[in-house]
Protein chains: 2
Amino acid sequence: MLFSKAGEYGLQVVLHLAAGQHDGFVTVRELADRCDIPFHFLSKICGRLAQAGILHSSKGPAGGVCLARPATGITLLEVVQAIDGLDGFDRCVLGLEPCDDGLPCPMHDHWHRLKEGVLEMLSGRNLGELADDLLSGNTTLNKEKTPAG
Amino acid sequence: MLFSKAGEYGLQVVLHLAAGQHDGFVTVRELADRCDIPFHFLSKICGRLAQAGILHSSKGPAGGVCLARPATGITLLEVVQAIDGLDGFDRCVLGLEPCDDGLPCPMHDHWHRLKEGVLEMLSGRNLGELADDLLSGNTTLNKEKTPAG
DNA sequence: CCAATAATAGACTAAAGAGTCCGAAATCTG
DNA sequence: CAGATTTCGGACTCTTTAGTCTATTATTGG
Ligand code: SF4
Ligand code: SF4
């Protein structure tokens, strides 16, 4: 709907990483297991995130990945940008040439406002805040819903 | 981003049809030409729209398609529903199981509001109003931007 | 009825997205 | 240094979406 599968996975992992308060590296394998993401696929995604300077990575035993910067300095927007790119946000809803030069179709304004909303959602708060939100206990991320039932 | 290619085409055509105030049938070929959509592809799309009761169609000479109901009784939501379905609107942004049972992740509220916005955009106004908007002259749909330049 | 026309249906091809596999290269341990 | 471990890179397969082609059916006009 809004993000590619790779984008979704990237967000999940980065959120997971921020909320996990690990000190060292976490292996991609472990992340894949925890988040139930195909390992090799996630491998690639982490590669892109590393290249984009969002993750640090180290090979070999005791290696893995971790956030490259303090979580408070990373926005979700960076993450989706690194994976999906931001082109989609410049596109017309109807797939036409962008015609915002004063001749908008009836949907343009509404759509534009929605896009702004998404961008705001992605850039408004940083990973740190979201992680705090997670850690405060009234939110979950893992698929396994509290097995209390 | 938001709709499939087929969905985008469907919206274009239906909007075009509503604004074109044709009395009889319009051939799919003509629609495809005007909107610059692959003919055979649009053929299928119109098929689905016809099955969904949004278009009427007639074979043979002087045949073609036309809106099955007055434009004021058709919403964009019906159109995308007929083509893309509405499943995407029930999905979680992160691709997880929906967990709105009181344990929302930090993005849920924001995303939910955005989805509502899209649905409102699609269902809020009917084809007739949009067509009027088009006809009033301050909006365009065709790709060929006013060749005044 | 006959021929032309246009939608309909379904098989088919092309391209993109999602996911897998394997062979490096780097890093740690001993 | 040897061997285990883990990321990195590219090639590969599978699935879905996009787009093409062909045959069929219904309709109109002569
Ligand atoms: S005005 Fe309408 S057709 Fe043009 S870019 Fe905006 S949404 Fe698309
Ligand atoms: S709460 Fe978060 S993870 Fe759960 S369905 Fe909503 S957006 Fe998705």
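Values below: every heavy atom of this structure, side chains too, minus hydrogens, waters and symmetry copies. Here is how names work: the chains are called A, B, and so on, in the same order as the sequence lines, proteins then strands, and each is numbered from 1.
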Check your understanding: Is it true that atom CZ of R29(B) has more than 12 heavy atoms of other residues, nucleotides or ligands lying nearer than 6.0 Å?
Key -> no

Check your understanding: Would L127(B) and V93(A) show up in the same hydrophobic cluster when neighbours are defined by side-chain heavy atoms closer than 4.5 Å?
Key -> yes

Check your understanding: Within this structure, what is the NE2-to-P distance between H40(A) and dG10(D), rounded to whole angstrom?
Key -> 16 Å

**Study point:** Interatomic distance where NZ belongs to K44(A) and P belongs to dC12(D) [whole Å]
**Key:** 13 Å

**Study point:** Atom-to-atom span, CZ of F39(A) to C1' of dC8(D) - whole angstrom
**Key:** 11 Å

Review point. Counting any heavy atom closer than 4.0 Å, what does V28(B) reach on the DNA or RNA strands: base, sugar-phosphate only, or nothing?
Key: sugar-phosphate

Check your understanding: Over how many whole Å does the gap from R48(B) atom CZ to dA18(D) atom P extend?
Key -> 12 Å

Point to revise | R125(A) side chain to E129(A) backbone, donor-acceptor under 3.5 Å | key: no

Review point. Is it true that K5(B) and E8(B) have a side-chain N and a carboxylate O under 4.0 angstrom from each other?
Key: yes

Point to revise | Nearest-angstrom distance from the residue atom NZ of K5(B) to P of dT20(D) | key: 13 Å

Practice item. Take the protein atom CZ of F3(B) and the nucleotide atom C1' of dT17(D), then report the distance between them rounded to whole Å. Key: 17 Å

**Study point:** Contact nearer the 5' end of DNA chain C, comparing T27(B) with A62(A)
**Key:** T27(B)

Point to revise | Nucleic acid contacts - residues 51-60 of chain B versus DNA chain C, non-hydrogen atoms under 4.0 Å | key: S57(B), S58(B), K59(B), G60(B)

**Study point:** Ion pair check, K115(A) and D90(A), cut-off under 4.0 Å
**Key:** no

Check your understanding: Taking for each residue the nucleotide of DNA chain D bearing the nearest heavy atom, is the 5' side occupied by G47(A) or by P61(A)?
Key -> P61(A)

Exercise for review: Return yes when atom NE2 of H22(B) has more than 12 non-hydrogen atoms of other residues, nucleotides or ligands closer than 6.0 Å, and no otherwise.
Suggested key: yes

Exercise for review: Could you tell me the separation between the CG atom of L49(A) and the P atom of dC8(D), rounded to a whole number of Å?
Suggested key: 11 Å

Practice item. Shoot me the first and last contacting nucleotide of DNA chain C against chain A, ordered 5' to 3', at under 4.0 angstrom to non-hydrogen atoms. Key: dA18(C) to dC28(C)

Point to revise | Check: N126(B)/T75(B) side-chain N/O donor and acceptor closer than 3.5 Å | key: no

Exercise for review: Report the distance from atom CG of L2(A) to atom CE of M1(B), rounding to the nearest 0.5 Å.
Suggested key: 4.0 Å

Review point. Less than 4.5 Å apart, any side-chain heavy atom of T27(A) and any of V65(A)?
Key: no

Point to revise | Value in whole Å for how far the P atom of dT7(D) lies from CZ of R29(A) | key: 9 Å

